[in-house]
Structure formats: structure tokens, C-alpha cells
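Have a look at the structure below before the remarks.
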Protein chains: 2
Amino acid sequence: MLKKERHDFIMRQINLHNRVLTSDLVQLLNVSEDTIRRDLQELVDEGLLYKVHGGALSKSYHSSFDDSTVYARDSKIAIAKKATNLIKDGMVILTGGGTTILELVKQLPQGLTATFFTISPLVAVELAKYNNIEVILIGGLFSKNSQVTYGGHVITQLAEIKADLCLMGTSALHPEEGLTDTYWEINQLKKAMLACSKRTAVLCISEKLDIALRLKVCPIESISYLITELDVNDDLLANYRTKELNIL
Amino acid sequence: MLKKERHDFIMRQINLHNRVLTSDLVQLLNVSEDTIRRDLQELVDEGLLYKVHGGALSKSYHSSFDDSTVYARDSKIAIAKKATNLIKDGMVILTGGGTTILELVKQLPQGLTATFFTISPLVAVELAKYNNIEVILIGGLFSKNSQVTYGGHVITQLAEIKADLCLMGTSALHPEEGLTDTYWEINQLKKAMLACSKRTAVLCISEKLDIALRLKVCPIESISYLITELDVNDDLLANYRTKELNIL
DNA sequence: CGTTTTTTTGCTTGTTTGTGCAAGTTTGTC
DNA sequence: GACAAACTTGCACAAACAAGCAAAAAAACG
């Protein structure tokens with residue numbers, strides 16, 4: 001087996017499981033530990049993964065699991081600022097959950113008149129601070145991980161909504177694979193949210209770009225706006241600029 | 001499991017529950033106490049949590065724990081403590097909103113296995129911190145005043161629920177007039193909550209006793225438990241002791 | 001084809017890291 | 001103030017690691 005093939009194999013494992021063990025790779029690839037270690041080091045040098053004692057972890061692993069001290073808060077605030085420009089008086093807006101969306105909601109202009117549907121209790125509470133915003137919280141099972149409501153009941157209710165704009169955070173975005181996710185329930189949820197909104201804005205910090213996870217939500221064409229903390233002309237966005245996608 | 005993963009796991013637990021017990025982590029992660037202690041110490045060195053005898057606490061929890069603005073907080077904590085005794089494993093419980101209920105939810109025993117329906121987003125978020133509690137948030141219009149969902153849609157959904165116990169705070173209780181309220185919508189809501197629960201516990205600080213408001217929710221006979229911060233033999237409760245009402 | 005150069009791999013050595021055990025100390029509780 | 005649980009410290013052992021070296025494989029060249 002060629003080195004390049006090994007690297008690809010390792011990266012597939014990483015994207016699938018968020019981690020690999022050196023010992024596992026030794027068995028699976030039938031090479032010495034040293035070779036694996038060298039492979040991992042090279043992949044680290046390319047910035048593709050994160051090495052720890054005993055193996056390696058996916059780079060996106062952190063962002064999805066560690067909201068300890070609101071990871072990358074500055075970036076998220078910058079994104080939120082940009083996103084507020086999409087919101088106009090009279091709109092019907094549907095939002096997901098997550099720290100980025102929450103940041104956005106905190107930055108809405110006072111006096112904005114709009115209707116918000118949301119699956120996030122925290123977002124609902126924050127929205128309630130605005131006098132002229134009508135808030136509808138979509139009920140259902142409550143996810144301990146994502147802190148949003150989910151499940152069949154939520155999806156049924158989403159089907160009854162017609163929103164002008166859907167705002168969602170994301171755990172991964174890839175120019176070819178589009179929007180992807182790790183959990184089946186969240187995947188279904190996002191599909192339903194997309195389906196009931198005229199346009200969709202994806203709020204995505206740059207380190208989640210160019211990553212594809214297990215489950216596909218939608219192709220990139222289904223997204224209307226991509227909002228990152230980067231400058232519109234940043235090189236990292238080159239692959240997205242070709243698509244008919246409004247980049248903010 | 002890799003060390004880094006353990007650390008992430010611990011931080012997730014901390015963010016979820018605001019605290020972790022060393023003994024729990026030993027079981028959950030299947031490593032020795034020593035390892036857990038070392039992990040905790042390392043996380044302390046990174047400034048991510050506080051270590052205490054028996055486990056560790058979230059850092060943000062303490063700094064943000066000045067809910068001292070909550071009116072009559074001590075009384076509410078006392079009430080909450082009593083109310084937890086009503087809750088047993090396996091129960092299906094319906095809760096309203098309000099600071100007293102929120103306080104109660106914070107005091108539930110770790111490891112409680114139960115199903116909670118709630119109309120309060122904040123209660124839902126708090127409940128989500130317990131591993132063995134299933135949380136269903138009832139969705140609908142979100143009230144800026146009461147911080148709960150309300151309206152026809154909520155009432156329709158309540159009609160589908162069969163709860164063992166309903167926990168609600170109250171703005172007034174009167175020996176003759178029973179449970180009363182000021183707002184039409186909340187009135188309707190409470191009626192619906194009562195209707196779908198076998199028993200109802202009313203959490204009521206003493207200064208709201210003997211007050212009757214505009215709209216009648218139910219006679220005092222419809223209530224199973226009255227929980228105040230007072231001693232069961234307090235004179236203020238005399239008028240209620242005559243009724244067939246369990247006073248705690 | 002053979003020979004030289006480069007790359008890749010596995011082995012050896014010595015080092016670091018992670019974990020559990022044992023002994024003694026502190027802390028919380030009744 | 002006694003007892004158990006939780007904690008600290010030091011130590012030992014195994015697993016994982018880094019660096020240098022030599023054999024093997026692949027590539028380059030005439």
C-alpha cells in the first residue's frame with residue numbers, strides 16, 4: 001500500500017470517527033508504529049488533524065464538542081454582525097440553535113419588527129427581550145447535546161411554516177459535499193428547516209469550511225448566503241465563490 | 001479512550017451540569033480515581049474548572065451565580081427542597097415556569113429517572129443537565145412576561161398528555177376563591193395543565209396566600225399539594241388545613 | 001541492464017507520558 | 001472525636017514516543 005493511500009485511509013477514518021488510535025492503524029494498515037507516527041506527523045504538518053498521545057483527533061472535533069468557554073467567540077460575534085444585515089422589518093424568520101445564532105440574536109437592532117420561529121429555548125428567551133418581535137418556540141423532544149428541540153413532532157410543525165429566511169449554524173461545510181452533519185436527528189431537522197424557508201443563511205466559522213461529515217443535509221446550491229468571519233475576498237473562500245452563493 | 005477525549009468529556013459534563021463527581025466519572029469513563037483526579041487537576045491548571053472535595057465545579061457557574069435579584073430567593077429554595085420529595089423515579093411530570101419551579105429543578109436528585117413536560121424554556125435547559133431525565137418542551141407562542149409558551153397550540157398539545165404530577169408556581173391562592181390569575185391566557189393555560197394531570201402541586205410563597213385575583217383557575221379542591229416555605233403548623237396555613245389538601 | 005541517488009521503512013536505543021497501586025493525610029459527617 | 005470517604009504523594013511499570021541508523025524499495029541516470 002502506498003503512502004498516499006495510507007494517508008487517505010487515515011483521513012477517512014478521522015472524518016468518520018473523529019479520531020484514530022495509532023495501535024488500530026498499525027493493525028489495519030499492517031505497517032510498523034513508526035510509519036504510522038510519521039504519517040500522522042505529516043498530516044499534522046498539512047494541518048489536517050491533531051496529534052495526541054495514543055493517536056490523533058479530527059480538527060473539527062473541538063468545535064463540535066467543546067463549547068466550554070464559547071469557542072472562537074470573537075469570530076462568532078463578527079459573523080453575527082454581518083448576519084443582522086439580512087434581517088428586515090416584517091420578515092418571518094426561522095432559526096436553529098448554537099452559540100453563533102445566539103450571538104446574532106443578541107445583536108439585533110432594537111425596534112425590529114419581525115416574527116421568529118425557533119427550535120432553541122435560549123434563542124427564544126433572548127428574542128423575548130425585544131418588544132416588537134413575535135416569538136414562537138417550536139416544541140418537541142429536547143436534545144441535551146444540541147440544546148434544541150428535535151424529532152418527528154418538530155418536523156411536522158416545521159412543515160406548517162413558511163419562513164422568509166432560515167438562519168442556521170453549521171458543524172461543517174464543503175464546496176462539493178455541501179452541508180453535512182454527524183447526527184441523524186439533526187440532519188433530518190436541518191432538512192426540514194431548509195424545506196420550509198425561501199432562503200437559507202449558513203453561519204460558519206472559517207475552520208469549519210472544507211469539512212464533510214457523515215450525513216448529507218443539502219448541496220451547496222440550496223444555500224442562499226454563506227456568512228463567515230473572513231473577508232469576502234479571502235483565499236479560503238475561493239472554492240465557494242464559483243458557486244452561485246452570496247458570500248458575506 | 002484517549003486522555004484528550006476524557007478531558008473533553010469532563011468539560012462537557014461540567015458545562016451541562018455545572019458540576020461533576022469524581023465517583024461518577026470513574027464509572028462513566030472506566031478508569032481509576034487517580035486518573036480522574038489528575039485529569040481534573042490538569043483542567044484546573046488550564047483554568048477551565050474549580051476543584052472541590054468530591055469532584056469539580058464549573059467556573060462560569062459560580063461567577064454567574066448572583067441570581068440574588070430573584071425576589072425572596074431563600075423562601076423559594078426552601079419550597080423547592082420540600083417539593084423534590086414529591087418526585088419519584090418513573091414519574092411523568094408537567095411543569096410551568098417561574099423562578100420557584102426553576103429553583104426546584106436545580107435541586108432534583110442526580111440520577112432521577114423521569115419524563116418532564118414543560119412550557120418553560122429555561123426549565124427545559126436546566127432539566128437537560130440531568131442524564132436520566134427525558135425532556136419535552138411544549139411549543140407555541142412565547143410570552144415575554146411569563147417566559148413560558150402559551151396559546152391555543154400549547155393547550156391542544158397539553159390535551160394529549162397524561163401526567164402523574166403537575167408542578168406550578170402561582171401568583172395567588174385563596175381559601176375560598178382557590179387558584180386565581182390576572183391574565184386570560186395564563187388562566188386558560190393553567191386550566192389545561194390541571195386537566196391533564198392526576199395530581200397538582202402548587203408552590204406558593206407565603207405572601208401570596210389569601211389573595212384572589214380577577215380570573216378563577218380552579219377551586220382549592222382541585223389541588224393536591226400546597227407547598228410553602230412555612231412550617232406545616234404555621235397559623236397562616238390554618239384556613240387551608242381544613243380542606244382536604246396535603247400541606248408540605 | 002547496472003549503478004547511483006533518493007525515498008521509505010523498520011529496528012534499536014533511550015526518553016517521556018499515562019496509569020494504577022500503596023501508604024499516609026485531610027476532609028466531611030454523624 | 002471517630003469513622004469512612006476523598007485526597008495527596010511517591011513509586012513502579014507499561015505503553016507511546018523521538019531520533020538516529022541501516023536495510024530495503026523506488027526512482028533516476030547513463
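So you know, we letter chains A, B, ... as the sequences are listed, proteins then strands, and number each from 1. None of these values were measured; they are calculated from a predicted model.
Distances were taken from every side-chain heavy atom of A:R6 (C-beta onward) to each of D:dT8, C:dG20, C:dT9; the shortest belongs to C:dT9. Closest approach to the B:S32 side chain among C:dG20, D:dA16, C:dG28 is made by C:dG20 (side chain taken as heavy atoms from C-beta onward). Between D:dA16, D:dC7, C:dG20, one nucleotide has an atom nearer to the side chain of B:V31 than all others, and that is C:dG20. Each of C:dT8, C:dT19, D:dT8 was ranked by its minimum atom distance to the side chain of A:K3; first place goes to C:dT8. Between D:dA6, C:dG20, D:dA16, one nucleotide has an atom nearer to the side chain of B:R38 than all others, and that is C:dG20.
Between A:L25 atom CG and D:dA16 atom C1' there is a gap of 14 Å when expressed in whole angstrom units. The CZ atom of B:R37 sits 7 Å away from the P atom of D:dT8 (whole-angstrom rounding). Rounded to an integer number of Å, the gap from A:D24 CG to D:dA15 C1' is 14 Å. For the pair A:H53 NE2 and D:dA15 C1', the interatomic distance rounds to 6 Å; values are reported in whole Å. Atom CG of A:L40 and atom C1' of C:dT9 are 15 Å apart (whole Å). Atom C1' of nucleotide D:dC7 and atom CG of B:D39 are separated by 15 Å, given to the nearest angstrom. Distance CD (A:Q41) to P (D:dA16): 18 Å, rounded to an integer number of Å. Residue A:L29 contributes atom CG, which lies 11 Å from atom P of C:dT9 at whole-angstrom precision.
Of the charged side-chain nitrogens involved, none lies within less than 4.0 Å of a carboxylate oxygen, so that B:R12 and B:D8 do not count as a salt-bridged pair.
At D:dA18, one or more side-chain N or O atoms of A:K51 fall inside 4.0 Å of OP1 or OP2 (strictly under the cut-off). Between A:T35 and C:dT9, a side-chain N or O to OP1/OP2 separation shorter than 4.0 Å is absent.
Within the nucleic acid shown, B:V52 comes within 4.0 Å of sugar-phosphate atoms alone, with no base atom in reach, counting heavy atoms only. In this structure, B:T22 reaches the sugar-phosphate backbone alone: every heavy-atom distance under 4.0 Å involves primed, P, OP1 or OP2 atoms, never a base.
B:E5 CD to B:I10 CD1: the interatomic distance, rounded to the nearest 0.5 Å, is 12.0 Å. Taking OG1 of B:T228 as the reference point, atom NZ of B:K82 lies at 4.5 Å (rounded to 0.5 Å). Distance NE2/B:H7 to CG/B:L40: 8.0 Å, rounded to 0.5 Å.
Inspection of the B:S120 and B:Q147 side chains reveals no N or O donor paired with an N or O acceptor under 3.5 Å.
Residue B:D34 places a side-chain atom within donor-acceptor reach of the base of C:dC21, judged by atom type and a 3.5 Å distance cut-off alone.
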